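Counting starts at 1 for both ligands and their atoms, following the listed order. In this text the structure is predicted, and so the values were computed from the model without any measurement.
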Amino acid sequence: MKKRYATIVAVLIVLLAVMPAAAQNQQLTFLFMPGVQDPFYTTMEKGVRAKCKELGVNLIVAEYPKAWGPEYQVPILQAAVQRGGFQGLLIAPTSVDALKAPLKAIYDKGIEIITVDTFIGDGDYSKPNTDYGFPLSYIGSDNELGGKQIAEHLAKLVGEKGKVYCQATNPDASSVAARVKGFTQGVAEFPNMKLAGVEWCLDVQQKAQEQTLASQQKDKDIVGIFGVNVFSAQGANQAVVNAGLAGAIKIASWDATISNIDNLKKGVVDLVLAQKPAEMGSLSVEWLYKFFTQKAKVPKKIIPGFEFFTKDNVNDPAMVQYIYQ
Ligand code: T6T
């Protein structure tokens, strides 16, 4: 009898050890770690919050890094880990390489990770024998495809000829690097178009403005500009306005901030790509929750789509939902 009792207790202990937190009736808590303080991530946070509320998950939102880069993000992340109290982490890693080791250390403490918007390594977490295969999933845009489609739209806008310039953010960030790659390939498909240059503002709007102005002064025949994210696009747009070239140079801006949409309405910008940050945030919470509560197999990649704003649909009520908040 005693032996049977001991066996039951042992089985229960093992079950408790392998059962996910929620199944043990523990309150689940997730940490959301954004990439930087900008309207894209504040919109994402709204999606994260709404889904956590719906599912009864506690949410900790880490301090927003004031600038882009692992040197800003990692200390905030590590301080949050030190405080503890969460089982799941939703993070936009600011570097494909520099975030690998800090995230692995967090994973080794038993915290499950989904990378949202950006990824580590090449973002293929299903590959064996890599040092970045531990996150459950990457949930974010197909940035390369977006960059390629921007090139095609911009080509149409400039009559498929002339020089175009790309104002970019940081070559170490998976998202923007893929946008530049897609754009570069897209432009190369038009024999009469040329890429005047790609410059990296490191997510500093003022620098984006200065670089764009300098490149216009160097190449006075630039006919089109692609700004690859909030700050690079907004800086590039301002440079064009300041140079008195609004409308003359065709502009495609990535990220549907109020500023980019206003510039579209004013005719400064011709095309705005809207990602779906709230949906990315919501999906990340949902999958992490399903993993903990139902042992669900999380797809290694989940790609919400994107939308294009043009002057023809910018006042369409159905499009308003895609403007970042
Ligand atoms: O474009 C977004 C995001 O997708 C990218 O990874 C970093 O920049 C933004 O946050 C916009 O500033």
Side-chain angles (χ1 to χ4, degrees), residues 32-48 61-62 64-70 72-73 90-99 114-123 138-147 149-150 166-183 200-209 226-238 252-261 263 269 271-284 301-309 322-325:
F32 172 54
M33 175 77 250
V36 75
Q37 179 72 56
D38 75 12
F40 173 83
Y41 290 114
T42 49
T43 306
M44 182 181 284
E45 184 188 326
K46 292 208 166 107
V48 168
V61 177
Y64 278 62
K66 302 271 173 295
W68 185 270
Y72 299 98
Q73 188 182 44
L90 313 164
I91 180 170
T94 50
S95 159
V96 283
D97 285 320
L99 262 290
I114 287 185
T115 72
V116 59
D117 172 49
T118 48
F119 52 70
I120 49 172
D122 65 1
Y138 159 65
I139 302 184
S141 299
D142 185 338
N143 290 292
E144 198 174 319
L145 177 72
Q149 291 188 357
I150 292 262
C166 181
Q167 171 49 235
T169 317
N170 194 319
D172 198 24
S174 66
S175 52
V176 289
R179 291 168 204 169
V180 172
K181 186 174 175 207
F183 181 70
W200 308 89
C201 71
L202 307 178
D203 220 22
V204 179
Q205 186 161 325
Q206 182 62 29
K207 194 168 171 134
Q209 192 177 318
F226 170 35
V228 311
N229 82 334
V230 171
F231 297 123
S232 50
Q234 290 179 177
N237 300 344
Q238 196 54 49
S253 296
W254 190 292
D255 283 320
T257 56
I258 291 171
S259 162
N260 282 341
I261 294 294
N263 272 327
V269 166
L271 185 76
V272 174
L273 184 148
Q275 301 190 82
K276 299 194 173 158
E279 190 179 331
M280 288 177 202
S282 171
L283 283 168
S284 313
K301 239 178 216 177
I302 300 175
I303 310 291
F306 41 72
E307 306 287 331
F308 284 106
F309 278 95
Y322 301 119
I323 301 174
Y324 301 174
Q325 296 159 32

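Every residue two or more places apart in sequence or in another chain that forms a ring-ring contact (aromatic ring centres under 6.0 Å, His included) with Phe119 is listed here: Tyr138. Evaluation of the side-chain contact (heavy atoms from CB on, under 4.5 Å) rule for Gln205 yields Phe231, Gln234 as partners, not counting sequence neighbours.
The main-chain N or O of Ala92 is found under 3.5 Å from a side-chain atom of Gln73 such that the two form a donor-acceptor pair. With Asn237 contributing its side chain and Ala233 its backbone, the two residues share a donor-acceptor pair below 3.5 Å.
Ring planes of Phe226 and Phe183: tilted class, angle from 30 to 60°.
Closer than 4.0 angstrom to ligand 1 by heavy atom are Asp38, Phe40, Tyr41, Trp68, Asp117, Thr118, Ser175, Arg179, Asn229, Val230, Asp255, Gln275, sorted by chain and number.
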Under 3.5 Å, side-chain donor or acceptor atoms of residues 34-42 against the rest of the protein: list the pairs with distances, not counting sequence neighbours.
unit_1 : atom_1 : unit_2 : atom_2 : d
Asp38  : OD1    : Phe40  : N      : 3.0
Asp38  : OD1    : Tyr41  : N      : 2.9
Tyr41  : OH     : Asp117 : OD2    : 2.5
Thr42  : OG1    : Asp38  : O      : 3.3
Thr42  : OG1    : Pro39  : O      : 3.1
Thr42  : OG1    : Gln325 : O      : 3.4

